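Notes to accompany the following structure.
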There are 2 protein chains.
Amino acid sequence: MYTIKDVAKMAGVSTSTVSRALSGNIPVNDDTKKRVFDAVKQLNYKPNFLAKGLKEGRSSAIGLIIPDIRNPIFPALARGVEDTARNSGFNVIFCNSDENIENEIESVNMLKNRLVDGFIFATASVDCQHIHQLRDENIPVVLMVRNIEELFDAVVTNNFEASYHAVKYLIDRGLKKIAIINGRLNLSLYRERYAGYKKALEDHGIDFSQEICFNCSTADANCYNIVKNYFATHRDIEGVFATNDLRAIEAIRAIKDAGLRVPADVSVVGFDDIQISSLLDPQLTTVAQPLYEMGKLAVEKLIKIIDEKGKRKQKPEIDVVESKLIIRNSTI
Amino acid sequence: MYTIKDVAKMAGVSTSTVSRALSGNIPVNDDTKKRVFDAVKQLNYKPNFLAKGLKEGRSSAIGLIIPDIRNPIFPALARGVEDTARNSGFNVIFCNSDENIENEIESVNMLKNRLVDGFIFATASVDCQHIHQLRDENIPVVLMVRNIEELFDAVVTNNFEASYHAVKYLIDRGLKKIAIINGRLNLSLYRERYAGYKKALEDHGIDFSQEICFNCSTADANCYNIVKNYFATHRDIEGVFATNDLRAIEAIRAIKDAGLRVPADVSVVGFDDIQISSLLDPQLTTVAQPLYEMGKLAVEKLIKIIDEKGKRKQKPEIDVVESKLIIRNSTI
DNA sequence: TTGAAAGCGCTAACAC
DNA sequence: GTGTTAGCGCTTTCAA
């Protein structure tokens, strides 16, 4: 590995001239510039990011903190993040938190020691002092997918409207008794989806019934049993709005195993459009979130904040992207 | 952010003493050690990894280079990598290559500039000069999932045996005409799976027929059409061995759409046991790779090499882990 | 057992 | 337009 000194020596200039020539935006004589570039090429010189980072107090790296990359919505987000970061010269260090605040704090601390230039979080809502602290230390933060009380910059989807339209779609198809399978209601995204469901019922004169609001908040695995148990004694539900695709898939299995057909007897709508949803039988009608795009937007937002650093930030901005209903075969 | 100087001042010692106390393995007077730790705690001092890395020529970070995190086998691997790396004090910087050698080289160069301590690759086989070069520069490398000619340390699965047993299982169930859906045969893992298939047929006196060796190497999407076209004019295949789950899922859809039943008319076996495979209808019989474990092993191997650095490595070691057939409902 | 000092590779005043 | 120099925060000789 050659250093800037080697380049300087070969080009017959000082290291600062090399530094300036390489930076691009500081005037350097064309002739010396050429000599520098020749030397760089000949030695295949690559600047040491650690030295640069140490000097500048920044690292051209961002931290990505998500619950678990194995959860099918995160790969696309992560990919959007990585592509976009790379295009701007950033690397991404990724950490899984398992929704555990201790893990999250540990990761944040490690990444702070690395002088990452900013953080992207998809995190649980409760307990976010560590994020507040980042803000207080003037370290850029953007939340993704999961919003916390409008306190931070964020990129989220229009959960309320998307859910409203998904449920409205079922209603428009003539269905009246429509169940919802909720997720963890301490996440705002699930509260919003729940609210969209209720509002759609209300706007179309359908009574809301707590009895058919299923709760699969703990682990997705339970969803199958909850739905199956219900159908063991009731056959009245015509439609199911599942607040994510995994729950929709579980529900479909449960409905089938209860001896009913999807969509002939029961229509099912999911949320997320994870990769597998189009491969199922029946293919899942679901709300597609632009996950890759959200990751991209989150990084763009973060980099803007990084570049503006110093100027004290005003009110946080929440970017809302549009999710759209993809109609496939799990609904009549 | 406090620095080692602040700690030194508060503890009334020199920075070198702080450094020694913190390092743990250099003798420091118990009393001064205590004063140092007190100061560290009081200031909540965290060492700057960039400075440490610059000095030591290492960064406590590893590079993870995979084709695409959205490919369902990679999240579990990545999770295994991250968990294990973190437990040893390493962060992981992840890069998607899209199987593109240019991207891969670019990522490698960026990460080298960051002085990552080692690389984990899941990469295509052709053209691996950049990996050779890493080795020549004495930068630790471990391959994962995809092996290249036994040239590098690697963690792979027993593709040949696992495929052999999967096909043997179909044969044992009384099936004779068994097709295979191959992947890109320039990847050794697919060549091995193909070889396992052939050997199983041969050992059980079944003629091999090129006509029912389907090739879905370009894009998984074609798989549906290839299979459907075949079944449009033939009804003779009793079993299908798909060399990954996505192809198995496509095949099942194609078989169903051709008016046949799975598994009553055609049994289908997949490979990988991606998350969704147990949620399908029918649930997929498939070969489960211990993906998380493989990621874990790859990191353990890498860290061992990092720790041994300097000692010139001998022959590369290939760790082979066992994949196992999971019998579910897509086979009779 | 401890401190002073050099230096990892880079950038940015500051001089000229 | 360019060189000299200091210094980012850390570790590690070298002396004491």
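Per chain, numbering begins at 1; letters A, B, ... match sequence-line order. Everything numeric in this text was worked out from a predicted model, so none of it was measured.
Neither OP1 nor OP2 of D:dG9 sits under 4.0 Å from any side-chain N or O of B:Lys5. OP1 or OP2 of D:dC10 sits under 4.0 Å from a side-chain N or O of B:Tyr45. In terms of phosphate contacts, A:Lys55 brings no side-chain nitrogen or oxygen within less than 4.0 Å of OP1 or OP2 of C:dA12. Regarding contacts with the backbone of C:dT1, every side-chain N or O of B:Thr17 stays at 4.0 angstrom or more from both OP1 and OP2.
When side chains are defined from C-beta on, B:Val92 does not count as touching B:Ile120, because their heavy atoms never get closer than 4.5 Å.
With hydrogens and angles left out, the side-chain atoms of A:Arg114 and B:Ser59 include no donor and acceptor closer than 3.5 Å. No side-chain N or O of B:Gln129 forms a donor-acceptor pair with one of B:Gln133 less than 3.5 Å apart. With no hydrogens or angles considered, no side-chain donor-acceptor pair links B:Ser19 and B:Ser16 at under 3.5 Å.
The bend of the helix from C:dT1-D:dA16 to C:dC16-D:dG1, defined by the angle between the axes of its first five and last five pairs, stands at 40° to the nearest 10°.
Rounded to whole Å, atom P of D:dC10 lies 9 Å from atom CG of B:Leu22. Look at OH on A:Tyr2: it is 13 Å from P on C:dG9, rounded to the nearest Å. Here D:dT11 presents its P atom at 13 Å from CG of A:Leu50, a figure rounded to the nearest Å. In this structure, the CD1 atom of B:Ile26 is 12 Å from the P atom of C:dT2, given to the nearest Å. Atom CD in A:Glu56 sits about 16 Å away from atom C1' in D:dA6, given to the nearest Å. The interatomic distance linking B:Asn48 (CG) with D:dG7 (P) rounds to 18 Å, in whole Å. Per the geometry, CG belonging to B:Asn29 stands 14 Å off C1' belonging to C:dG3, to the nearest Å. At whole-Å resolution of the value, CE in B:Met1 and C1' in D:dC8 are 14 Å apart.
In terms of position on DNA chain D, the residue among B:Leu54 and B:Ser16 whose nearest nucleotide sits closer to the 5' end is B:Leu54. A residue-by-residue look at A:Lys33 and B:Ile4 shows that A:Lys33 has its nearest nucleotide of DNA chain D further toward the 5' end. For the pair B:Thr15 and B:Ala51, nearest-nucleotide mapping onto DNA chain C gives the more 5' position to B:Thr15.
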Does the salt bridge (charged side-chain N to carboxylate O under 4.0 Å, His left out) test come out yes or no for A:Glu300 and A:Lys304, once each step is laid out?
-> CA-CA 6 Å; A:Glu300 288 172 352; A:Lys304 217 171 79 187; over 6 Å; no
Derivation and outcome, salt bridge (charged side-chain N to carboxylate O under 4.0 Å, His left out), residues A:Asp30 and A:Lys34 = CA-CA 6 Å; A:Asp30 279 353; A:Lys34 184 179 175 325; over 6 Å; no
Apply salt bridge (charged side-chain N to carboxylate O under 4.0 Å, His left out) to the pair B:Asp83 and B:Arg79, showing each step before the final yes or no.
-> CA-CA 6 Å; B:Asp83 284 0; B:Arg79 183 66 205 256; 2.9 Å; yes
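The nucleotide whose nearest atom lies closest to any side-chain atom of B:Arg20 is, among D:dT12, C:dA13, D:dT5, D:dT12.
For the segment residues 106-116 of chain A, no residue has any heavy atom less than 4.0 angstrom from an atom of DNA chain C.
Within the 4.0 angstrom heavy-atom criterion, only backbone atoms of the sugar-phosphate kind lie near B:Thr3; the bases stay farther away. As judged by a 4.0 angstrom heavy-atom cut-off over every strand, B:Ser23 is placed among residues making no nucleic acid contact.
Atom OH of A:Tyr2 has 12 or fewer heavy atoms from other residues, nucleotides or ligands within 6.0 Å.
With B:Ile105 as the fixed residue, the side chain to side chain contact (heavy atoms under 4.5 Å, CB included) test singles out one of B:Asn109, B:Val108, B:Asn103: B:Asn109.
Contact annotation: side chain of A:Ser19 to base of C:dA12, donor-acceptor pair absent below 3.5 Å.
Taking all atoms of both residues into account, the shortest heavy-atom contact from A:Leu50 to B:Leu54 is CD2-N, 3.8 Å.
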